[in-house]
Amino acid sequence: MNWKQLISNKRFGLECLHETRKEDRTEFQRDYDRLIFSAPFRRLQNKTQVFPLPGSIFVHNRLTHSLEVSCVGRSLGNEVASRLLQLHPELRDSHLQEIGSIISAACLAHDLGNPPFGHSGEKAIGTYFSEGKGMGLKNLLSDAEWCDLTHFEGNANAFRLLTHQFEGRRPGGFVMTYSTLASIVKYPFSSQLAGTKQKFGFFLSEEKDFIKIAKELGMIRLSKENEPTRYARHPLVYLVEAADDICYQMMDIEDAYKLKILTFEKTKELYLGFFDQTRQEHILKICRMVQDSNEQIAYLRSSAIGALIQACTETFIAHEQEILNGTFKDTLIRQTPTDIRQAYQRCSDTAMKKIYCSKDVVDIELAGYQVITTLIDLMIDAVRHPEKAYSQLLINRVSSQYQIQADTLYEKIQAVLDYISGMTDVYALDLYRKINGNSLPAV
């Protein structure tokens, strides 16, 4: 792959339209602005990140997480662009210097496809078809369609949301640039290759769209024409992934401290683990100048994030050729120097033992399963049997932008999942209560 082709400001859905704009914003900055002002992005403010919402102590939701990832991604992108331009001065007239803007926009978009109730929402949708009542639909769908449903993935759903042409009335989705779209596809292969990790990058319905983007950007195809589609990652995916990994791990530790799941001393120990003795002493000296313990933890956290940004930048530059050849198979964090990698692993191990298994987190997973599987079951029955009176009541709640009257069962199910995955936690819970007769509109 080559950088000149990989960084393209062509817009998906507006390929034939060449506009001359009298403004200072680049096309990639316009991607960022479109996302910020979009309804799906606003809805992230009421979607669970890890801890239940709302609470007496403010913790991260999907929106604050996405904004933080975008900031870290911009820093990573700018650092990498500066280093690459030093190595490749012949690329100064290309869009390479705009990598920071591309990563920043892609980071904003990376969680747009996630359903309510955090990662448990994804699991609830997949297991409805693989273990629940949805199993009865298997014989009515193709093998590829069935794989999409049983491996439902928020990343693939984000790509669908950003490219899908609702009812064919307008150009696809957000009309984003090709490079921004490619940068969010963390797993550039179809659901038939999802394997035990249950990960993939695009649904069957958007497969041709992804292939079109990949060909335009010169991404390396790893599968033969008669095999399930698989490509090498777009290089900028590694930076989006690193920004996400840095933020969720570092911010989850801080949230756990605020919720008293982790002690001050344990939290401080985890953050200081990213530095040698000399640097630790300097950081602690600054911390002692601040009285508030929350502010001390915030400074330690920001210092750790800075160390990870620097380490990931160095790793990306060191492995640039492998990344461009499509042979780099790891995450950037797992290839950072040993001390950084081990410090990150200690944070990850602590999160698994103390945070993700905490009662509040498990409780929201249980609730999420019940709410989402109930809504899916009722809505799929409604679109399959629209002649029923109760089905009509449910269908009348659905916005016309969702293609619930599509021609095929697969498309109808996708429309249901579009509708449900777009809900906020509160909206999904409210609808669940009303359907079950536990709540009525205020009179």
Side-chain angles (χ1 to χ4, degrees), residues 40 43 46-48 62 111-142 144-158 160-161 164 166 191 194 198 200 203-206 364-406 408-439:
R43 286 197 289 268
N46 194 238
K47 286 193 175 186
T48 299
R62 288 281 176 184
D111 270 353
L112 283 186
N114 284 69
F117 306 109
H119 290 295
S120 63
E122 288 178 287
K123 295 177 187 175
I125 293 174
T127 55
Y128 171 80
F129 296 101
S130 63
E131 301 175 9
K133 294 182 180 180
M135 291 177 67
L137 301 171
K138 181 175 182 179
N139 294 333
L140 303 175
L141 299 161
S142 71
E145 291 169 343
W146 185 245
C147 279
D148 277 0
L149 301 179
T150 55
H151 297 89
F152 182 87
E153 220 284 326
N155 189 254
N157 204 43
R160 173 175 170 81
L161 178 64
H164 190 53
F166 290 111
S191 61
Q198 304 285 300
F200 65 103
F203 296 115
L204 180 64
S205 49
E206 284 74 51
I364 199 170
E365 290 190 359
L366 291 170
Y369 264 86
Q370 183 64 26
V371 171
I372 288 181
T373 54
T374 298
L375 295 181
I376 293 174
D377 193 43
L378 291 172
M379 289 304 306
I380 287 180
D381 186 68
V383 299
R384 291 187 66 204
H385 306 288
E387 70 282 357
K388 295 180 181 178
Y390 187 62
S391 295
Q392 280 302 311
L393 291 174
L394 290 172
I395 289 171
N396 288 340
R397 290 192 60 93
V398 182
S399 169
S400 61
Q401 76 182 91
Y402 300 108
Q403 298 171 280
I404 57 175
Q405 297 180 344
T408 70
L409 175 61
Y410 172 68
E411 292 172 317
K412 289 178 179 178
I413 293 174
Q414 278 194 308
V416 167
L417 298 183
D418 289 339
Y419 174 54
I420 292 173
S421 63
M423 294 178 180
T424 64
D425 292 15
V426 170
Y427 185 92
L429 182 58
D430 182 57
L431 180 58
Y432 170 80
R433 286 171 172 166
K434 287 174 179 176
I435 286 175
N436 283 285
N438 301 128
S439 174

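Residues: numbered from 1 along the sequence shown.
- The distance from atom CD1 of Ile404 to atom CE of Met379, rounded to the nearest 0.5 Å, is 6.0 Å.
- For the pair Tyr128/Ile372, no side-chain contact is recorded, criterion being any heavy-atom separation below 4.5 Å from C-beta on.
- For Gly113 against Asn157, the heavy-atom pair with the smallest separation is O-ND2, 2.9 Å.
- A pairwise comparison of heavy atoms in Ser391 and Asp381 identifies OG-O, 4.1 Å as the closest pair.
- Judged purely by atom type and a 3.5 angstrom limit, Asn46 has no side-chain atom pairing as donor or acceptor with the backbone of Thr424.
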Criterion side-chain contact (heavy atoms from CB on, under 4.5 Å) on Glu145 and Leu409, from CA distance to verdict: CA-CA 10 Å; Glu145 291 169 343; Leu409 175 61; over 6 Å; no
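- Between the Glu153 side chain and the Asn155 main chain, a donor and an acceptor come within less than 3.5 Å of each other.
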Leu431 and Val371: CA distance, side-chain angles, deciding distance, side-chain contact (heavy atoms from CB on, under 4.5 Å) verdict: CA-CA 9 Å; Leu431 180 58; Val371 171; over 6 Å; no
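- A pairwise comparison of heavy atoms in Ala428 and Pro116 identifies CB-CG, 4.1 Å as the closest pair.
- Using a distance-only test at 3.5 Å, with no hydrogens or angles considered, a donor-acceptor pair links the side chain of Thr374 to the main chain of Gln370.
- For CD of Gln392, the number of neighbouring non-hydrogen atoms (other residues, nucleotides, ligands) closer than 6.0 Å is greater than 12.
- Using modelled atom types and a 3.5 Å distance limit, the side chains of Asp148 and Tyr410 yield a donor-acceptor pair.
- Asn114 places none of its side-chain heavy atoms less than 4.5 Å from the side chain of Ser421.
- You'll find the side chain of Ile413 reaches within 4.5 Å of the side chain of Leu137, heavy atoms only.
- Contact between Leu141 and Leu149 at its shortest, heavy atoms only, is CD1-CD1, 3.5 Å.
- Proximity of Lys412 to Ile380: side-chain heavy atoms (C-beta onward) are nowhere separated by under 4.5 Å.
- In this structure the side chain of Arg384 reaches within 4.5 angstrom of the side chain of Leu140, judged on heavy atoms.
- For the atom pair NZ (Lys388) and CG (Leu393), the distance works out to 13.0 Å, reported to the nearest 0.5 Å.
- With rounding to the nearest 0.5 Å, the separation of CG in Leu394 from CG in Leu375 is 9.5 Å.
- One N or O on the side chain of Asn436 and one on the backbone of Tyr432 form a donor-acceptor pair closer than 3.5 Å.
- At a cut-off of 3.5 Å, with distance as the only test, a side-chain donor of Ser205 or Gln414 sits close to an acceptor on the other residue.
- A salt bridge does not link Lys47 with Asp425: none of the charged nitrogens is closer than 4.0 Å to a carboxylate oxygen.
- When every heavy atom of Val398 is checked against every heavy atom of Tyr402, the shortest pair comes out as CG1-CD1, 3.7 Å.
- In this structure, Ala406 and Glu411 approach most closely via the heavy-atom pair CB-CB, 3.4 Å.
- At least one side-chain heavy atom of Leu161 sits under 4.5 Å from a side-chain heavy atom of Pro40.
- One N or O on the side chain of His151 and one on the backbone of Cys147 form a donor-acceptor pair closer than 3.5 Å.
- With a 4.5 Å cut-off on side-chain heavy atoms, Thr373 and Ile125 do not count as touching.
- Residues Leu366 and Phe117 form no side-chain contact, since every pair of their non-hydrogen atoms from C-beta on lies 4.5 Å or further apart.
- Listed for the Arg43 side chain is a donor-acceptor partner under 3.5 Å among the backbone atoms of Gly422.
- To the nearest 0.5 Å, atoms CD (Glu122) and OG1 (Thr127) are separated by 11.5 Å.
- Annotation: the span from Phe203 atom CZ to Ser191 atom OG amounts to 8.5 Å, rounded to 0.5 Å.
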